[in-house]
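Following: one structure in structure tokens, then a few remarks.
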Amino acid sequence: QVQLVESGGGLVQAGASLRLSCAASGRTLSNYVMGWFRQAPGKERSFVAAIAWSGGSTYYADSVQGRSTISRDTAKRTMYLQMNSLKPEDTAVYYCAGGIILRRNAVGLSDRYADWGQGTQVTVSS
């Protein structure tokens, strides 16, 4: 359906900033929601942020709200996650996800997303 490829991860120091990118290809992104999930070793996958492709409504997890910004470039079919003031607890593999999600209160549920990227590692040193 939709192929998603993440990039932009790396090793940074606490307090630094990082911008993750997710490029989409394939099917038209009508009624599509793209989001970010992260998973640390031994932890369950958790929601980070999401954005509606049409309209641009954004959603954030409490843990990143205020220091992260999700956006998208419709022409480039690319989603971005700008992360500032990074903390060691932000260390995880970050996955780009996408799917047709009609219920706003369901954007944080990983089971609702059909398309997934391969993940990009973010490591924040203390």
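Under a 3.5 Å cut-off, the side chain of Gln118 and the backbone N or O of Val5 do not form any donor-acceptor pair. Looking at Glu6, its side chain never comes within 3.5 Å of a backbone N or O of Thr120 through a donor-acceptor pair. Of the possible polar contacts, none joining the Gln82 side chain to the Thr69 backbone as a donor-acceptor pair under 3.5 Å is found.
The CG atom of Leu86 sits 7.0 Å away from atom OG of Ser68, with the distance rounded to the nearest 0.5 Å. For the atom pair CZ (Arg67) and NZ (Lys87), the distance works out to 4.5 Å, reported to the nearest 0.5 Å. The structure places CZ of Arg72 at 12.0 Å from OG1 of Thr78, a figure rounded to the nearest 0.5 Å.
Partners of Trp53 according to the ring-ring contact (aromatic ring centres under 6.0 Å, His included) rule, which considers only residues two or more places apart in sequence or in another chain, do not exist here. Ala14 meets the side-chain contact (heavy atoms from CB on, under 4.5 Å) test with Pro88, Val124; sequence neighbours excluded. By the ring-ring contact (aromatic ring centres under 6.0 Å, His included) test, Phe47 is found to be paired with Phe37, residues two or more places apart in sequence or in another chain being considered. For Leu11, the side-chain contact (heavy atoms from CB on, under 4.5 Å) partners are Thr123, not counting sequence neighbours.
Minimum interatomic distance between Ala50 and Val33 (heavy atoms only, all atoms of both residues): CB-CG1, 4.2 Å. Residues Gly9 and Val122 come closest through the heavy atom pair CA-CG2, 4.1 Å. For the residue pair Ala24 and Val2, the shortest heavy atom distance occurs at CB-CG1, 4.0 Å. Shown here for Cys96 and Met79, the closest heavy-atom pair between the two residues is SG-CE, 3.6 Å.
Cluster membership check: Val64 shares its hydrophobic cluster with Ile51, using side-chain heavy-atom separations under 4.5 Å among Ile, Leu, Val, Met, Phe, Trp and Tyr. A single hydrophobic cluster is not seen to contain both Leu109 and Leu102; linkage of ILVMFWY side chains at heavy-atom distances under 4.5 Å, directly or through other members, places them apart. Cluster annotation: Tyr113 is not connected to Val48 through the hydrophobic network of ILVMFWY side chains, with a link wherever side-chain heavy atoms come within less than 4.5 Å. In terms of hydrophobic clustering, with Ile, Leu, Val, Met, Phe, Trp and Tyr side chains grouped at heavy-atom distances under 4.5 Å, Tyr95 and Ile101 are assigned to a common cluster.
In the displayed structure, Asp62 atom CG is contacted under 6.0 Å by at most 12 heavy atoms of other residues, nucleotides or ligands.
Contacts classified as ring pair (Phe, Tyr, Trp, His ring centres under 6.0 Å) and involving residues 54-89 (residues at least two apart or in different chains) are not found. Residue pairs that meet the side-chain hydrogen bond (donor to acceptor under 3.5 Å, both in side chains) test with at least one member in residues 29-44, sequence neighbours left out, are Tyr32-Asp115, Arg38-Ser63, Arg38-Asp90, Arg38-Tyr94, Gln39-Arg45.
The shortest distance between side-chain heavy atoms of Asn84 and Ser17 falls below 4.5 Å. At least one side-chain heavy atom of Met83 sits under 4.5 Å from a side-chain heavy atom of Leu20. Considering only heavy atoms from C-beta on, Thr91 comes within 4.5 Å of Gln121 through its side chain. Counting heavy atoms from C-beta outward, Met34 and Leu4 have side chains that approach closer than 4.5 Å.
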